[in-house]
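Predicted, not measured: the structure shown is a model, and the values here were computed from it.
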Amino acid sequence: MDTKNLNCVIIGASHAGANCAMELRKQGWQGNIYLIDTDAHLPYHKPPLSKEYLSKEEEGATNFKPLFALERYQEEEITLQLGLKVTKVIEKQKSVILSNGESIRYDKLVIATGASAIVPPIEGIEACRKVSVLRSAKDAIQIQQDFKRSNNKEVVIIGGGYIGLETAASLRKLGGNITVLEREERILARVAPIALADYFQELHTANGVKIYTGASAIKIIETDDAIEIQCNNGNVFTADVLIVGAGVKPNTFVAEEIGAEINNGIKVDENLQTTVEDVYAIGDVAQFYHPTYKEWMRLESVQNAVDQAKIVASNIIGNSQNYNAIPWFWSDQYHVKLQMVGLSKGFTHMVIRTEVDKKDCFSIWYFKNDALIAVDTVNNGKAFVLGGKFIQNKILVDPLKIADNTIPFKPNNFIKTETNAH
C-alpha cells in the first residue's frame with residue numbers, strides 16, 4: 001500500500017493514540033501522522049497518577065513520565081497537536097476542525113479519545129469548587145496541591161473501585177485521614193469477587209482508612225473551611241479534599257459526529273474499524289467482540305490500549321489482523337501488587353491458593369466449567385505469568401492441583417491429563 005501522500009489523524013494521545021502513531025511508522029506508514037489531544041502535556045503514563053505521583057512528598061512536581069521522548073516524535077516526523085480540542089468532524093470532506101480553527105484532512109482516522117470521569121448527580125456537587133476527579137496530570141496536580149495545603153488532611157473519596165482505593169493508599173502514605181464512601185454493599189463490587197474485595201477492605205482498614213459501604217452521598221455543602229458530605233443513611237462527613245472515583249464514560253463525541261455506531265463505546269469490528277469506512281477506534285473508547293470470551297466488551301487498561309494500537313496500525317497499513325489479546329490489569333496499594341489476567345465474569349467455580357510461608361501472597365483461579373478463564377494474583381508474579389500462558393494457549397488445568405500449595409509453580413505440574421481428569 002502506497003502511503004506517501006496520505007494523512008492519518010489520531011485523536012487522543014494517551015497510551016492507545018501515542019503507541020498507534022509510533023506503530024504506524026514502525027510498520028511502514030510513509031505519509032503524515034497527526035496526533036491530537038486536549039492535554040497540553042507531552043503524552044505520559046497514566047497509571048502512576050493514582051500511585052507514585054500522589055504519594056510524592058514534594059508538592060507540585062510535574063515530572064510525569066513520558067510515553068516517548070519529544071525527540072522521538074520529531075525523529076518519526078509525527079506532528080503533535082497538544083492542548084487542542086477537535087470541535088467538529090466533517091465526514092464528507094474527511095477533515096477535522098481543531099479549537100484553534102485549523103482544519104486537517106484525513107485519509108485514515110483513529111479515534112483514541114479514552115473516557116471521562118463520571119460525576120454523580122449529587123445535590124450541590126456542581127457548585128462545589130473543591131471536588132476533584134483523577135484522570136489527567138492536571139487532576140493529579142490539583143489533588144496534590146489541595147491535600148498538601150489543607151489544614152486537617154481530611155480526605156473523603158466517593159467510590160470504592162480501584163482508582164478510589166489506589167488514591168486512598170497514596171494519600172494515606174502521606175498521613176491523610178482517609179474516608180471511602182461506597183454505595184454498593186462492598187468495595188470492588190463490579191470488578192472483583194468477595195474474597196478479593198474482603199482482602200482489600202482489611203488491608204485498607206489495617207492501614208487506617210475508614211471504609212463505609214452502602215453509603216451514598218446525597219448532598220454536598222461547601223463552606224469556606226471545609227466540605228460537608230451528607231449520606232443517605234444519615235451519616236455526615238467533613239472533608240478538606242473531596243475526590244470522586246465513581247467510574248468513567250467513553251468519549252464518543254467524534255464518532256457521533258460522523259454517524260458511527262455507539263453502544264457502550266464506539267462499536268468496532270474484528271479489525272477495530274468502526275461502522276464508518278477508514279475510521280477506527282481503539283483503547284478505552286472502543287467496544288469490540290472478544291472471540292475468547294464470546295461477548296462484546298469495552299476494556300479500560302493500558303494493555304488493551306497498547307495491543308489494539310499495534311493491531312490497528314497493521315490494518316491501516318494493509319496487513320489484516322484480528323484482535324484477540326487476553327487482557328491483563330494491575331493495581332498497586334501499599335505493599336501489595338495485584339495482577340489480574342483474563343476476565344472472571346461468568347465463572348462457575350474458583351480456587352484460592354495461598355503460598356506456604358509467604359505473607360500476603362495468594363492467587364484466585366477462575367474456571368468456567370473445565371476452562372481456566374482468569375487469574376487474580378496478590379504479590380505472586382509466578383502465578384500471574386503461568387495463568388496467562390494457560391489462558392492464552394487454552395490449556396486445561398487441574399483445579400485440585402492448583403489448590404495444593406505443596407506443589408511447586410511449574411507448568412507441567414498443573415496441566416490436566418486423562419489420568420488426572422475429574
Those residues that, when tested against Lys249, pass salt bridge (Lys or Arg N to Asp or Glu O under 4.0 Å) (two or more places apart): none

Who are the side chain to side chain donor-acceptor pair (under 3.5 Å) partners of Ser50, not counting sequence neighbours? Glu166

Using the test ring pair (Phe, Tyr, Trp, His ring centres under 6.0 Å), find all partners of Phe384 that sit at least two apart in sequence or belong to another chain. none

So if I apply the side-chain hydrogen bond (donor to acceptor under 3.5 Å, both in side chains) rule between Tyr323 and each of Asn271, Asn304, Asn315, Asp307, which one comes out positive? Asn304

Taking side chain to side chain donor-acceptor pair (under 3.5 Å) as the cut-off, I'd like each qualifying pair that reaches into residues 79-91, sequence neighbours left out, listed once. Gln81-Glu102

ring-ring contact (aromatic ring centres under 6.0 Å, His included): which pairs involve residues 112-166, sequence neighbours left out? none

Can a donor-acceptor pair be found, under 3.5 Å and without considering hydrogens, that links the side chain of Asn379 to the backbone of Asp360? yes

ring-ring contact (aromatic ring centres under 6.0 Å, His included) partners of residues 83-112, not counting sequence neighbours, each pair once: none

Between Arg298 and Glu300, does any NZ, NE, NH1 or NH2 come within less than 4.0 Å of an OD or OE carboxylate oxygen? yes

Whether over 12 other heavy atoms sit under 6.0 Å from Asn5 CG: no

Are the side chain of Ser170 and the backbone of Lys51 linked by a donor-acceptor contact shorter than 3.5 Å? yes

Under-4.0 Å salt bridge between Glu295 and Lys345: yes

Classify the ring geometry between Trp328 and Trp330 as parallel (under 30°), tilted (30 to 60°) or perpendicular (over 60°). tilted

His204: which residues meet the side chain to side chain donor-acceptor pair (under 3.5 Å) condition with it, sequence neighbours left out? Gln333, Tyr334

Any side-chain donor paired with an acceptor under 3.5 Å for Ser314 and Asn319? no

Residues two or more places apart in sequence or in another chain: which of them pass side chain to side chain donor-acceptor pair (under 3.5 Å) with Lys46? none

Residue list, ring pair (Phe, Tyr, Trp, His ring centres under 6.0 Å) with Phe329, at least two apart or on another chain: none

So which pairs with a foot in residues 206-226 pass side chain to side chain donor-acceptor pair (under 3.5 Å), sequence neighbours left out? none

His45 and His15 aromatic ring geometry - parallel, tilted or perpendicular at 30°/60° bounds: perpendicular

For Ile395, the side chain to side chain contact (heavy atoms under 4.5 Å, CB included) test, sequence neighbours excluded, returns Phe390, Asn393, Ile415

Applying side chain to side chain contact (heavy atoms under 4.5 Å, CB included) to Asp198 and not counting sequence neighbours gives Ile194

Plane angle bin for Tyr44 and Phe64 - parallel if under 30°, tilted between 30 and 60°, otherwise perpendicular: tilted

